[in-house]
2 protein chains.
Amino acid sequence: MSKPSIAAGAEPRRAQERSPAGAAHRGEGEGLESKPLYRQVRETLIRRMVDGVWAPGEPLPSEIQLAAELGVSQGTVRKALDEMAAENIVVRRQGRGTFVARHDEERILFQFFKLVGDDGERHFPESRVLGIERAKGTAAECGALALPRNGRVLRIRRLRTFDGAPLIIESLILPDQMFPGLADAPVPNNLYGLYAQRYGITVARAREQLKAVGADSDTAAMLNVEPGAPVLLIDRLAYSLDGTPVEWRISFCLTAGFHYLSDLT
Amino acid sequence: MSKPSIAAGAEPRRAQERSPAGAAHRGEGEGLESKPLYRQVRETLIRRMVDGVWAPGEPLPSEIQLAAELGVSQGTVRKALDEMAAENIVVRRQGRGTFVARHDEERILFQFFKLVGDDGERHFPESRVLGIERAKGTAAECGALALPRNGRVLRIRRLRTFDGAPLIIESLILPDQMFPGLADAPVPNNLYGLYAQRYGITVARAREQLKAVGADSDTAAMLNVEPGAPVLLIDRLAYSLDGTPVEWRISFCLTAGFHYLSDLT
DNA sequence: CAGTGGTCTAGACCACGTA
DNA sequence: ACGTGGTCTAGACCACTGC
């Protein structure tokens, strides 16, 4: 017998009778490759989400069903799902079930949009697309998005306003082949929802780097401030469920009446 | 019998024989006041840390011992400790034990100091205190620190440099009575370590609000830039283990060669 | 070797949501 | 009434640490 594992290739292991003593099947050699069972379960479930087996918003099978299918105990499935809930890739609701997290406006607002009104209110700004182009990526762009040299990218530039006042001017760079046809249809305000619904790509986490810079003349004109006025530069790289970089976003934000909220926990 | 609970007043409940069926002691009425057992355990342990029963860096009793002392199962203690480990209140090390988290430089660097070099290196700047004063707090100060009107505060102003170059100029406001004698001794670079060691106050989390602003003439002079130069304003409120606001800190940071790193997970 | 946390299982009952 | 996740218990074995 080998270390505990879910049968290779994401195939579930049949339950078949197990030795009565809980973990009696464990402990043999198997020199390498042995993550905890609950992590293997987690990765199996994530792989299925990436493969589109369950779409965002849909319920997963119940813990009992998953446990039976994967040949592990309910407790192990539970630990995997609890961890996934902590990562916001799944939502658990007592009495109802476990659901693939959706990129609805509320989630964006709390997980990915950190600009908050000074009164504490969370607002979602309106967006107006200024331009879209497809081109060969620069070295920096291809590097950030893990594309081969000269890989094609999609660039989107848009102005985001709140109550009609300019708030953010931002540039997005995407891997062109990952989002075929995106440039041909209207671009919605909630882009991560579009990535998920139309392309099956789920943004799971992002890394943001912030600087205070002076607005250049272009930026200043778009934001309706004087050149050199202080603006908050946010450089975001967003990653999908499987860790692939999906979007590079550079935003220049006005922070009069708004601030970037960061919880250190 | 009432709902599951640890005997009132943080006193442990003796183990005494329990009905064999695991949860058979649960289920009676008890109209209100019923958090899950593992949260009660968590709060009992936190209260003890606040009371100084275990100092930072010291080991807690083993899960088995805590379970016996509190009259709950090892699994319940484990769930409480796992949650506390996720909150960085406690550090668990296999084979060694569970320890109260310390505010050593490494923890500060990763949990509370988000300014990172553009090369990705995390640096801890040097500090030079410019002034300390005790005074009646302004309305804003007392409000932020949850002090009564006109409560006394301690103000510290310091310049933080990296490799000799000015990086941050910051003002700290503390409740005076919470830190007696702090103004009479040299102020170390790692303040949270001092709060913990000398005053038994553990900073557990903080909330930061960021803006890009133009440096006023004072700030500009201290940071060696021209007035109006863009600087990153960080407004931090730090809370202790029991949720009390402990420190209000306003920092003006240069972000040339450095950036504020925020992980959206 | 003994003691600690880490993983895994099995089974009970509770609380919630839906029908 | 039923099925879901949430809590709690009990007990097994594993992996690591330090004596």
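We name chains A, B, ... by the order of the sequence lines, and we start the count at 1 in each one.
Taking atom CD of A:E63 as the reference point, atom P of C:dC8 lies 16 Å away to the nearest angstrom. The distance between atom CG of B:L81 and atom P of C:dT4, rounded to the nearest whole Å, is 13 Å. Straight-line distance from the OH atom of A:Y38 to the P atom of D:dC14: 18 Å, rounded to whole Å. As rounded to whole Å, 14 Å separates atom C1' of D:dC16 from atom CZ of B:R92. The distance between atom CG of B:L37 and atom P of C:dC13, rounded to the nearest whole Å, is 17 Å. Distance, A:D82 CG to D:dC8 C1': 14 Å, rounded to whole Å. Taking atom CD on A:Q74 and atom C1' on D:dT9, their separation rounds to 14 Å, with Å as the unit. Straight-line distance from the NZ atom of B:K79 to the P atom of D:dG5: 14 Å, rounded to whole Å.
Nearest to the side chain of A:P36, among C:dT7, D:dT7, C:dT9, sits C:dT7.
Scanning for side-chain hydrogen bond (donor to acceptor under 3.5 Å, both in side chains) contacts around B:T76 gives B:S73, with sequence neighbours left out. Shown here are the side-chain hydrogen bond (donor to acceptor under 3.5 Å, both in side chains) partners of A:Q74, two or more places apart in sequence or in another chain: A:E63.
Neither OP1 nor OP2 of D:dT7 sits under 4.0 Å from any side-chain N or O of B:T76. Listed pair B:S73 / D:dC8 fails the phosphate criterion, with no side-chain N or O lying under 4.0 Å from OP1 or OP2. Residue A:S62 has no polar side-chain atom (N or O) positioned under 4.0 Å from OP1 or OP2 of D:dG3. Remark: B:Q65 is not in phosphate contact with C:dG3, judged by side-chain N or O atoms under 4.0 Å from OP1 or OP2.
Between B:E208 and B:K114 no salt bridge is recorded (no basic side-chain N to carboxylate O distance below 4.0 Å). With respect to A:R205 and A:E87, no salt bridge is recorded, no charged nitrogen being found less than 4.0 Å from a carboxylate O. Of the charged side-chain nitrogens involved, at least one lies within less than 4.0 Å of a carboxylate oxygen, so that A:D235 and A:R207 count as a salt-bridged pair.
The base of D:dG6 lies close enough to the side chain of A:R78 for a donor and an acceptor atom to sit less than 3.5 Å apart.
Checking B:R39 against A:R93, the closest nucleotide of DNA chain D that is more toward the 5' end is the one next to A:R93.
The side-chain hydrogen bond (donor to acceptor under 3.5 Å, both in side chains) test with A:Y192 is passed by exactly one of A:R102, A:E105, A:E247: A:E247.
When all heavy atoms are compared, the tightest approach of B:Q111 to A:L264 is O-CG, 3.5 Å.
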Sort me out a list of protein N/O and nucleotides 16-19 of chain C N/O pairs below 3.5 Å, or just none if empty.
| unit_1 | atom_1 | unit_2 | atom_2 | d |
| --- | --- | --- | --- | --- |
| C:dC16 | O4' | A:Q94 | OE1 | 2.8 |

